[in-house]
Trainee: 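There's a structure below that I have some questions on.
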Amino acid sequence: MLDIQTLRNDLAGVAARLATRGYQLDTVKFEQLEAERKTIQTRTQELQAKRNAASKQIGQAKAKGEDVSAIMAEVGALGDELKQLEQNVGRAIGELQNFLEVIPNVPHADVPVGKSEADNVEVRKVGTPPKFDFEVQDHVSIGEGLGGLDFETAAKITGSRFSLLKGPLARLHRALAQFMLDTHTEKHGYTEAYVPYIVNGTSMYGTGQLPKFEVDLFRVPRPVGEGIEEDFYLIPTAEVPVTNMVRDEIVPLEKLPMKFVAHTPCFRSEAGSYGRDTRGMIRQHQFDKVELVQIVHPEKSYEMLEELLGHAETILKQLGLPYRVVKLCTGDMGFSAATTYDIEVWLPAQNTYREISSCSNFEAFQARRMQARFRNAQGKPELVHTLNGSGLAVGRTLVAVLENYQQADGSVLVPEVLRPYMGGLTSINAI
RNA sequence: GGAGAGGUGGCAGAGUGGUCGAAUGUACCUGACUCGAAAUCAGGCGUAGGUGUGAGCCUACCGAGGGUUCGAAUCCCUCCCUCUCCGCCA
């Protein structure tokens, strides 16, 4: 959520910056909601003050044993109007809140302006795509050929967009996650976290998935009381539970930065993407991801973003997978982000780079929604900045390994760094 | 699933329906004493919104939401959470 003060002070400026990401801020509506809120609130507070003063008088008069019927009658007459006004204030503030919480974050000044993916800016390319002297197969053919990747059985068990791994491929999947976790905890200073995979609506709101993107989530209905429902949701990323660790907290200055890494499954309904990436395990309803989350001092957040990006890149370097880093343009960034780098890995069968990690600085956007604060040098609570990035998406990394390390005979070489996690196995052959 | 206890300021912990936004302790900040520190003493010390050039003033907030009342931290209802015991369970 944006700071309402900024909107009050520089509405046109905010609107202009939001326009670069294709969001038309309804400034007229904002001003109207603000004016309405102000009028009603001021009037209400005047009446409340009157009532409080009179009530206080009643108390004092009663203590002295004086007659209070006159004042009681007077203040009693205030009741109906006040009740009405209080409801109106609540409604006005609610409307303003609803308006604010669907406004996306303002892009950082350095973010390239653009409309779509096509306008993203390549930052660097690392590694060279491998040359093959045979016909390249995609990960589906490779995996099925090895007998370890089975979409049909997954579809029988659940439905489309789920996958089933067996044997060495299942182990490779586990090895990748372990390798990533070990690297980030041992070399990059992250604290490993094991977190709930099901969260409440407040947590989803805190990181920005709700209220705007409910269709992307899997909802778990949960009646809590008489006619009350407080649904749970399957996490679409570990960002949600991990970042919400600091919701409603005021952390001491010296605890910053906080760095967490978590390996979790992620669940996405992928509504509205039915025609895309239907083959293979690129776009699934369930996939594993190792997620990096940082809670940092506002002055350090951009520095830390570069660092976090580097941590994710390390994994690809270690695995020997060619990739490129792209800085997303204003039009392609997610709702909550102020700056985002995507890391795209080379997929030989698609002859292109595909997203495997997304690293973002949310500045205070999530922190404001979550009321995640730290006590600054002056002793005052101040909003933290939050960052996160995939380090990496495990399923897509598996795809990349299969495709980049495929051999003419259909087998797949195991990248060196994964061998200790594979019981020394150097090559995966058909079962 | 059953029974009980409890949720109040950074923390601990009081609070007969009426000068309670909240005692007290502790932590923290400032000052005094001291060569300095500790101890002691004095003062300050929540969040958010409104209003004013400003000192300030006003409003809301005692787990959440409703209700009763001129007035609610305090009474009533619903819910959430925490803890203890029993049962069940990986």
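Note on naming: letters A, B, ... go to the chains in the order of the sequence lines (proteins, then strands), and numbering restarts at 1 for each one. Just so it is clear, the values below take in all heavy atoms, side chains as well, and ignore hydrogens, waters and symmetry mates. Note that the structure is predicted; figures quoted are calculated from it, not measured.
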Trainee: Checking all strands, does A:Arg37 fall into the base, sugar-phosphate, or nothing category for heavy-atom contacts under 4.0 angstrom?
Mentor: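 Contact class for A:Arg37: sugar-phosphate only.
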Trainee: Over how many whole Å does the gap from A:Ile58 atom CD1 to B:U19 atom P extend?
Mentor: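 Answer to the nearest Å: 13 Å.
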Trainee: Could you tell me the separation between the CD atom of A:Glu86 and the P atom of B:C70, rounded to a whole number of Å?
Mentor: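 Distance check: A:Glu86 CD to B:C70 P gives 14 Å.
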Trainee: Within the structure, does a side-chain N or O atom of A:Lys38 lie under 4.0 Å from either OP1 or OP2 of B:U51?
Mentor: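 Answer yes for this pair, as a side-chain N or O of A:Lys38 is under 4.0 Å from OP1 or OP2.
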Trainee: Kindly determine whether A:Leu172 and A:Met422 satisfy side-chain contact (heavy atoms from CB on, under 4.5 Å), including the steps that lead there.
Mentor: CA-CA 7 Å; A:Leu172 181 63; A:Met422 296 289 288; 4.1 Å; yes
Trainee: Tell me the partner of B:G17, counting only Watson-Crick (N1-N3 plus N6-O4 or O6-N4) or G-U wobble (N1-O2 and O6-N3) with both under 3.5 Å; none if nothing fits.
Mentor: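 WC or wobble partner does not exist here.
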Trainee: What does B:A42 pair with, Watson-Crick or G-U, if both distances are under 3.5 Å?
Mentor: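 Partner of B:A42: B:U30.
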Trainee: Is the CD atom of A:Gln5 crowded by more than 12 outside heavy atoms at less than 6.0 Å?
Mentor: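 Count over threshold, so yes.
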Trainee: What is the distance from atom CD of A:Glu270 to atom CD of A:Gln284, rounded to the nearest 0.5 Å?
Mentor: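 Output value for this atom pair is 9.0 Å.
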Trainee: Which whole-number value in Å describes the distance from A:Gln5 CD to B:A48 P?
Mentor: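 One finds 10 Å between P of B:A48 and CD of A:Gln5, rounded.
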Trainee: If the C1' atom of B:A37 is compared with that of B:C33, how far apart are they to the nearest Å?
Mentor: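 One C1' to the other, the span is 12 Å.
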Trainee: Find which nucleotide of RNA chain B each of A:Arg373 and A:Gln48 is nearest to by heavy atoms, and output the residue with the more 5' nucleotide.
Mentor: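 The residue whose closest nucleotide sits nearer the 5' end is A:Arg373.
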Trainee: Is there a Watson-Crick or G-U wobble partner for B:A48 with both distances under 3.5 Å, and which nucleotide is it?
Mentor: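 Base partner found: B:U59.
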Trainee: Check whether any side-chain N or O of A:His188 sits under 3.5 Å from a backbone N or O of A:Tyr190 as a donor-acceptor pair, and report yes or no.
Mentor: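 A pair under 3.5 Å: no.
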Trainee: Is the shortest distance from a Lys or Arg side-chain nitrogen in A:Asp231 or A:Arg222 to a carboxylate oxygen in the other one below 4.0 Å?
Mentor: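 A salt bridge is absent here (no side-chain N lies under 4.0 Å from a carboxylate O).
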Trainee: With rounding to whole Å, what would you report as the distance between B:A60 and B:G9 at their C1' atoms?
Mentor: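 Going atom to atom, C1' in each nucleotide, I get 16 Å.
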Trainee: For the side chain of A:Gln41, starting at C-beta, report the closest nucleotide among B:G49, B:A60, B:U47.
Mentor: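 Per side-chain heavy atoms of A:Gln41, the pick is B:G49.
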Trainee: Taking 4.0 Å as the cut-off, does a side-chain nitrogen or oxygen of A:Asn52 come that near to OP1 or OP2 on B:A60?
Mentor: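 So the side chain of A:Asn52 is within the cut-off, an N or O lying under 4.0 Å from OP1 or OP2 of B:A60.
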Trainee: Within the 4.0 Å heavy-atom criterion, would you say A:Lys50 contacts the bases, only the backbone, or no part of the nucleic acid?
Mentor: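 Answer is nothing: A:Lys50 stays at 4.0 Å or more from every strand.
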Trainee: Taking atom P of B:G49 as reference, at what distance in whole Å does atom CZ of A:Arg8 sit?
Mentor: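 About 7 Å, once rounded to whole Å.
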Trainee: Measure NZ/A:Lys380 against P/B:C29 and give the value in whole Å, please.
Mentor: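 Going from A:Lys380 (NZ) to B:C29 (P), I get 14 Å.
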Trainee: Of all the nucleotides listed (B:U47, B:U59, B:G49), which has the minimum atom distance to the side chain of A:Ala49?
Mentor: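 For the A:Ala49 side chain, the nearest candidate turns out to be B:U59.
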Trainee: P atom, B:G36 versus B:A22: distance in rounded Å?
Mentor: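 These two P atoms come out 37 Å apart once rounded.
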Trainee: Across all strands shown, which nucleotide pairs with B:G1 by Watson-Crick or G-U wobble geometry, both distances under 3.5 Å?
Mentor: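 Because both required distances fall under 3.5 Å, B:G1 counts as paired with B:C86.
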Trainee: Across all strands shown, which nucleotide pairs with B:U68 by Watson-Crick or G-U wobble geometry, both distances under 3.5 Å?
Mentor: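 Here B:U68 is not engaged in any pair, so there is no nucleotide opposite it.
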Trainee: Between B:U16 and B:C75, how many Å separate the two C1' atoms, rounded to a whole number?
Mentor: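 Pairwise C1' distance, B:U16 against B:C75, rounds to 13 Å.
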Trainee: Say you pick atom C1' in B:G18 and the same atom in B:A72; how far apart are they, in whole Å?
Mentor: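 B:G18 and B:A72 have their C1' atoms separated by 10 Å.
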Trainee: Scan every strand shown for a Watson-Crick or G-U wobble partner of B:C35, both distances under 3.5 Å, and answer none if you come up empty.
Mentor: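 Base-paired to nothing in any strand shown.
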Trainee: Distance check needed: B:G50 P versus A:Ile40 CD1, whole Å only.
Mentor: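 Distance check: A:Ile40 CD1 to B:G50 P gives 15 Å.
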Trainee: Between A:Arg375 (CZ) and B:C45 (C1'), how many Å, whole number?
Mentor: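 Distance, rounded to whole Å: 10 Å.
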Trainee: Suppose we define a pair by two distances each less than 3.5 Å, Watson-Crick or G-U wobble; what does B:G6 pair with here?
Mentor: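 Answer to the pairing question: B:C81, which forms a Watson-Crick or G-U pair with B:G6.
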Trainee: Check whether any side-chain N or O of A:Arg51 sits under 4.0 Å from OP1 or OP2 of B:A60, and answer yes or no.
Mentor: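 Yes, such a contact exists.
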Trainee: Could you tell me if A:Arg369 sits above the aromatic ring of A:Tyr205, with its cationic atom closer than 6.0 Å to the ring centre and no more than 45 degrees from the axis?
Mentor: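 The answer is yes; both the distance and angle limits are met.
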Trainee: Expressed as a whole number of Å, how far does the C1' atom of B:G52 sit from that of B:G56?
Mentor: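 One C1' to the other, the span is 8 Å.
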Trainee: When you compare B:G15 with B:G54, how far apart are their C1' atoms, in angstrom units rounded to a whole number?
Mentor: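 It comes out at 37 Å once rounded to the nearest Å.
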Trainee: Nearest whole Å is fine: how far is B:G71 C1' from A:Lys83 NZ?
Mentor: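 After rounding, the reported distance stands at 13 Å.
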Trainee: For the C1' atoms, the ones on B:U78 and on B:G87, what distance do you get once it is rounded to whole angstrom?
Mentor: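 These two C1' atoms come out 27 Å apart once rounded.
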Trainee: With a 4.0 Å cut-off on heavy atoms, is A:Pro381 in touch with a base, just the backbone sugar-phosphate, or nothing at all?
Mentor: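 Since only primed, P, OP1 and OP2 atoms lie under 4.0 Å of A:Pro381, the category is sugar-phosphate.
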Trainee: Please determine if A:Arg37 and A:Glu34 form a salt bridge, counting it only when a charged side-chain N lies under 4.0 Å from a carboxylate O.
Mentor: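 Answer for the salt bridge query: yes.
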